[in-house]
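Here is the naming used below: chain letters follow the sequence lines, and residue numbers restart at 1 for every chain.
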2 protein chains.
Amino acid sequence: MAEAAEREAKASSLRPTSVVDGVYDGIYHRLMSLDIAPGARIRIDVLARELGVSQTPIREALSRLEREGLVRKEHLIGYSAAPQWTRKQFEDLYAFRLLVEPEAARLAVINMTPEALAELETSAADMGHGDPPVDRNTRYSRFARADAQFHDAILKIAGNEIIRSTLSNQHVHLHIFRLMFHTRVTQEALEEHENLLAAFRSGEPQAAYDAMRIHVERSRDRLLSAFE
Amino acid sequence: MAEAAEREAKASSLRPTSVVDGVYDGIYHRLMSLDIAPGARIRIDVLARELGVSQTPIREALSRLEREGLVRKEHLIGYSAAPQWTRKQFEDLYAFRLLVEPEAARLAVINMTPEALAELETSAADMGHGDPPVDRNTRYSRFARADAQFHDAILKIAGNEIIRSTLSNQHVHLHIFRLMFHTRVTQEALEEHENLLAAFRSGEPQAAYDAMRIHVERSRDRLLSAFE
DNA sequence: AAATACAATATCGTATAGGATCCGATATAG
DNA sequence: CTATATCGGATCCTATACGATATTGTATTT
């Protein structure tokens, strides 16, 4: 039984990690992988049985996800996965990104250190390692995750934690992934990331600003086809 | 007493509002009014007794508040109110506001309608009605709430819901209120709001942009004294 | 006298049970 | 044949109980 194994692990390794975190990650992964489709209902007891835990941590994890906009809750009806992005939501988010991310890139150049640049290079390099023969789902998923990590690394260097957490809470990469799922993944982003890195190496704030603006704009235009 | 009225309403009108929402508002109000001081521990069972409900809704409300950054949670230790803003957090947030809010004001002018402008005028007028002889706490609280509503109205007109929810989640007015509590409240903001309205009436996007930039900058400079 | 070890208490985290509400199916009336 | 009302099942929401862990106070030892 799952509970036995769970209890066994907890007793042996005595790690102080909470069950809620694990549940959160599990649901997040199911949303990301479209195992839970956009708009689909999420039944608490079903999840509790499948994950082998009680309903309380499920409820708490869903509450966090609701606050992040990934699931919706209707009182006395239940939870459901957030619907697919509308075109307006998409455009609003990209307008927001264009407002914030180029400036963050500019700040990142100003605060750049050799170590930070090196870390950024490795982060970008991780996206190149395709490991192609995996299935399509995990391949896209890995791409989205690496892209998110790259952008987050830039924001971390920029130093403004408010901006960083704000963008992190938007879960851009998850929504993009849900849009991209039935489309073909493009490798153009890799090239644009390379342009970004070049700007960071040059140490010119305005160059980074422009490179990021172009990158976000092109990302927007690429994904816009999903709404036709 | 508020709790009695709460229970009365629940028993008589049997409205389908959830207990969690009421608990959330209650805790929020206690944080706002400094009844729960920054950094103070928040004991679940104490709250459950005081609010007359079980621990489960308390837990869920605290989970939402944690996601909004208003309370912190340490595993196997408990919840506590978020500490007072550090100077860095303050500066980061105002840098973010300066990045976003002037642009939002510009957008608001572009999308402005006569009805929206009228609504904005009344919202601004609400801040003038001092009703002075109330105690200091509720007076500041009302000021902060009206200010938040005014800014939110502008963002609503601007039309970008991502930006709106993002700023709303920062709970700027609550944190400002916690800073202002031991300071004197200034009426300069009213004058700046009037300048903003003038810009909105003029219909010139750039004027609104500049007015909002000046307003946010001055707000920052006024509050900066709290860190000395 | 100070520091460490141990024990007791308090609090958190999780699980389970019961009450209330909503959704869907069936039967009946028009 | 359609529409409405009623009944049953399922699900959510709340409450309570139990086990695990951290904190605190006391006693003992150096």
Exercise for the section: Look at all strands and tell whether A:Ile42 reaches a base, only sugar-phosphate, or nothing, counting heavy atoms closer than 4.0 Å. Expected result: sugar-phosphate
Problem - Along DNA chain C (nearest heavy atom to each residue), the more 5'-positioned of A:Ile77 and A:Ser54 - result: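 First, find each residue's nearest nucleotide; the 5'-ward one identifies A:Ser54.
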Handout entry: Whichever of B:Asp45 and B:Thr56 has its nearest DNA chain C nucleotide further upstream toward 5'
Key =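 Of the two residues, B:Asp45 wins.
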Handout entry: By salt bridge (charged side-chain N to carboxylate O under 4.0 Å, His left out) - contacts of B:Asp92 (at least two apart)
Key =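 In terms of salt bridge (charged side-chain N to carboxylate O under 4.0 Å, His left out), with neighbours along the sequence ignored, B:Asp92 is linked to B:Lys88.
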Return the value, rounded to whole Å, for the distance between atom [atom1] of [X] and atom [atom2] of [N].
X       : N      : atom1 : atom2 : result
A:Lys73 : D:dT11 : NZ    : P     : 18 Å
B:Asp21 : D:dC13 : CG    : C1'   : 12 Å
A:Glu74 : D:dT11 : CD    : P     : 16 Å
B:Leu62 : C:dG13 : CG    : C1'   : 14 Å
B:Arg49 : C:dT11 : CZ    : C1'   : 11 Å
B:Ile58 : D:dT14 : CD1   : P     : 11 Å
A:Tyr79 : D:dC12 : OH    : P     : 10 Å

Practice task
Looking only at side-chain atoms of B:Arg43, point me to the closest of C:dT11, C:dT14, D:dT23.
Solution key: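 Looking only at side-chain atoms, B:Arg43 lies closest to C:dT11.
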Handout entry: Among C:dG13, D:dT14, C:dT14, the nucleotide that comes nearest once only the side chain of A:Arg59 is considered
Key =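 The answer is D:dT14, which lies nearest to the side chain.
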Exercise for the section: Run the salt-bridge test on B:Glu91 and B:Arg87 with the 4.0 Å N-O cut-off and return the result as yes or no. Expected result: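 Yes, charged N to carboxylate O under 4.0 Å.
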Exercise for the section: Determine, for A:Arg43 against A:Glu50, whether the closest basic-nitrogen to carboxylate-oxygen distance falls under 4.0 angstrom. Expected result: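 No, no charged N to carboxylate O under 4.0 Å.
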Problem - Residues forming a ring pair (Phe, Tyr, Trp, His ring centres under 6.0 Å) with A:Phe150, sequence neighbours excluded - result: A:His193
Problem - 5' precedence on DNA chain D between B:Arg41 and B:Gln55 (nearest-nucleotide basis) - result: B:Gln55
